[in-house]
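First comes the structure, then the notes that go with it.
Residues: numbered from 1 along the sequence shown. Everything numeric in this text was worked out from a predicted model, so none of it was measured.
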Amino acid sequence: DAKLAPVLCTIDPLRKTLDQQISSRIGQLQDWIGQVGKSGLSSSDQATVDGELNGLIADLGAFKTQVDAETTLAALQADYQTLLGRAHIYRTVGSWVQLLIGSEKAIAAGPDLITLESKIAAEIAAAPAVPETADAQLYLDDMKVAVADGEALAGPLPAILLAITPAQLADGSADATLASVKVTFFRASWDLQLARMSGAWAEHEIKEVMAKPKATATPAPTATPT
């Protein structure tokens with residue numbers, strides 16, 4: 001390819017390309033470490049994830065040292081092939097981290113939604129017995145089911161993900177597990193979103209019930225023609 005030839009067939013441009021790709025991967029891994037630190041994982045689980053991500057960063061650092069020390073085009077081209085061969089691990093570890101963070105956030109949403117359920121239940125109890133109040137109760141019932149379903153789906157996911165080893169991420173043997181977790185996480189997220197929507201509709205119905213009647217405007221008298 002005419003565009004790739006100047007890069008892949010010349011020492012300095014190829015070394016620069018490798019260094020850029022390595023630095024980009026290191027930056028992404030460091031960003032994931034920061035996200036994991038805010039995800040709510042227990043200290044032991046966070047240490048496990050950080051250890052695996054820092055291990056990949058160390059490997060990339062050593063690889064960059066090797067690339068910078070190469071003196072022949074053939075050696076750099078071999079390094080380029082090596083980096084391409086490691087692409088799978090960086091894709092799968094990205095999915096692994098994002099699913100882990102997402103699962104923890106889904107689990108953490110449960111207590112907040114349950115608190116909202118209690119608030120809405122109290123509002124319904126204080127509202128007059130009118131059709132809108134009955135509708136609010138139906139929305140609240142739907143919300144409770146959706147929260148329970150979403151939390152039941154999300155609950156086991158962190159343990160499943162943390163049981164995956166770096167070797168399984170690298171050789172592709174974890175792909176099926178990641179795909180299954182992704183589907184389950186989507187279902188859990190959708191249930192929790194439905195719960196939020198049902199809660200919002202319940203609050204809307206109660207707001208309608210408790211709203212004060214609007215004053216009726218008195219029409220202005222018609223002018224008498226002279």
Side-chain angles (χ1 to χ4, degrees), residues 27-54 91-164 169 174 177-212:
Q28 181 63 78
L29 290 165
Q30 290 172 334
D31 181 58
W32 286 334
I33 289 174
Q35 292 181 40
V36 169
K38 302 174 183 177
S39 66
L41 278 173
S42 67
S43 56
S44 60
D45 290 343
Q46 184 176 333
T48 298
V49 178
D50 287 352
E52 296 187 13
L53 296 179
N54 280 316
R91 286 197 302 271
T92 54
V93 78
S95 296
W96 179 69
V97 170
Q98 295 304 318
L99 286 170
L100 189 56
I101 292 172
S103 299
E104 288 293 333
K105 287 183 178 179
I107 293 169
D112 291 338
L113 288 170
I114 292 171
T115 298
L116 180 59
E117 290 175 2
S118 299
K119 174 178 176 291
I120 295 172
E123 291 172 348
I124 291 173
V130 293
E132 290 84 355
T133 305
D135 289 341
Q137 183 62 55
L138 292 175
Y139 284 125
L140 177 59
D141 293 342
D142 289 343
M143 179 184 181
K144 290 179 178 179
V145 171
V147 171
D149 289 346
E151 290 294 281
L153 288 169
L157 297 185
I160 295 172
L161 291 165
L162 288 167
I164 297 174
L169 291 172
T177 300
L178 289 174
S180 176
V181 168
K182 187 177 294 185
V183 171
T184 303
F185 172 67
F186 176 82
R187 291 172 56 200
S189 299
W190 180 243
D191 282 334
L192 295 174
Q193 182 61 24
L194 288 177
R196 294 183 183 95
M197 292 167 63
S198 296
W201 277 109
E203 290 189 304
H204 173 75
E205 294 292 336
I206 294 299
K207 184 178 179 180
E208 289 292 314
V209 171
M210 303 305 290
K212 294 180 179 179

Here the gap from Glu104 atom CD to Gln35 atom CD, rounded to the nearest 0.5 Å, amounts to 14.0 Å
On a heavy-atom basis, which atom in Ala106 and which in Glu151 lie closest, and how many Å separate them?
O-OE2, 2.7 Å
Do Asp31 and Gln28 come within less than 4.5 Å of each other through their side chains, counting heavy atoms only?
yes
Flag side-chain contact, heavy atom, 4.5 Å: Val36 against Leu100
no
Any side-chain heavy atom of Trp96 within less than 4.5 Å of one from Val49?
yes
Can you check whether Leu169's main-chain N or O pairs, donor with acceptor, with Thr92's side chain at less than 3.5 Å?
yes
Distance, nearest 0.5 Å, that separates CG of Leu162 from OG1 of Thr48:
6.5 Å
Of all pairs that satisfy salt bridge (charged side-chain N to carboxylate O under 4.0 Å, His left out), the ones with a partner from residues 115-136, not counting sequence neighbours:
Lys119-Glu123, Lys119-Glu203
Out of curiosity, Met197 CE to Met143 CE, how far, rounded to the nearest 0.5 Å?
12.5 Å
For Gln46 and Gly37, work out which heavy atoms get closest and say how close.
NE2-CA, 3.5 Å
Apply side-chain contact (heavy atoms from CB on, under 4.5 Å) to Leu116 and Ile120, showing your working.
CA-CA 6 Å; Leu116 180 59; Ile120 295 172; 3.9 Å; yes
With side-chain contact (heavy atoms from CB on, under 4.5 Å) as the test, would you mind laying out the steps for Leu99 and Leu157 before giving the verdict?
CA-CA 8 Å; Leu99 286 170; Leu157 297 185; over 6 Å; no
Looking only at heavy atoms, what is the nearest atom pair of Ala154 and Pro158, with distance?
O-CD, 3.4 Å
Please step through side-chain contact (heavy atoms from CB on, under 4.5 Å) for the pair Asn54 and Ile33, ending with a clear verdict.
CA-CA 8 Å; Asn54 280 316; Ile33 289 174; 3.3 Å; yes
Of all heavy-atom pairs linking Leu153 and Pro156, the shortest is O-CD, 3.4 Å
Does the side chain of Trp201 come within less than 4.5 Å of Asp142's, by heavy atoms?
no
Does a side-chain heavy-atom distance below 4.5 Å link Leu161 with Leu178?
yes
Anything under 3.5 Å between a donor and an acceptor, one on a side chain of residues 179-195, the other on a protein residue two or more places apart or in another chain? List them.
| from | atom 1 | to | atom 2 | distance (Å) |
| --- | --- | --- | --- | --- |
| Thr184 | OG1 | Ser180 | O | 3.1 |
| Ser189 | OG | Phe185 | O | 2.9 |

Show me the pairs that pass salt bridge (charged side-chain N to carboxylate O under 4.0 Å, His left out) and involve residues 38-54, at least two apart or across chains.
none
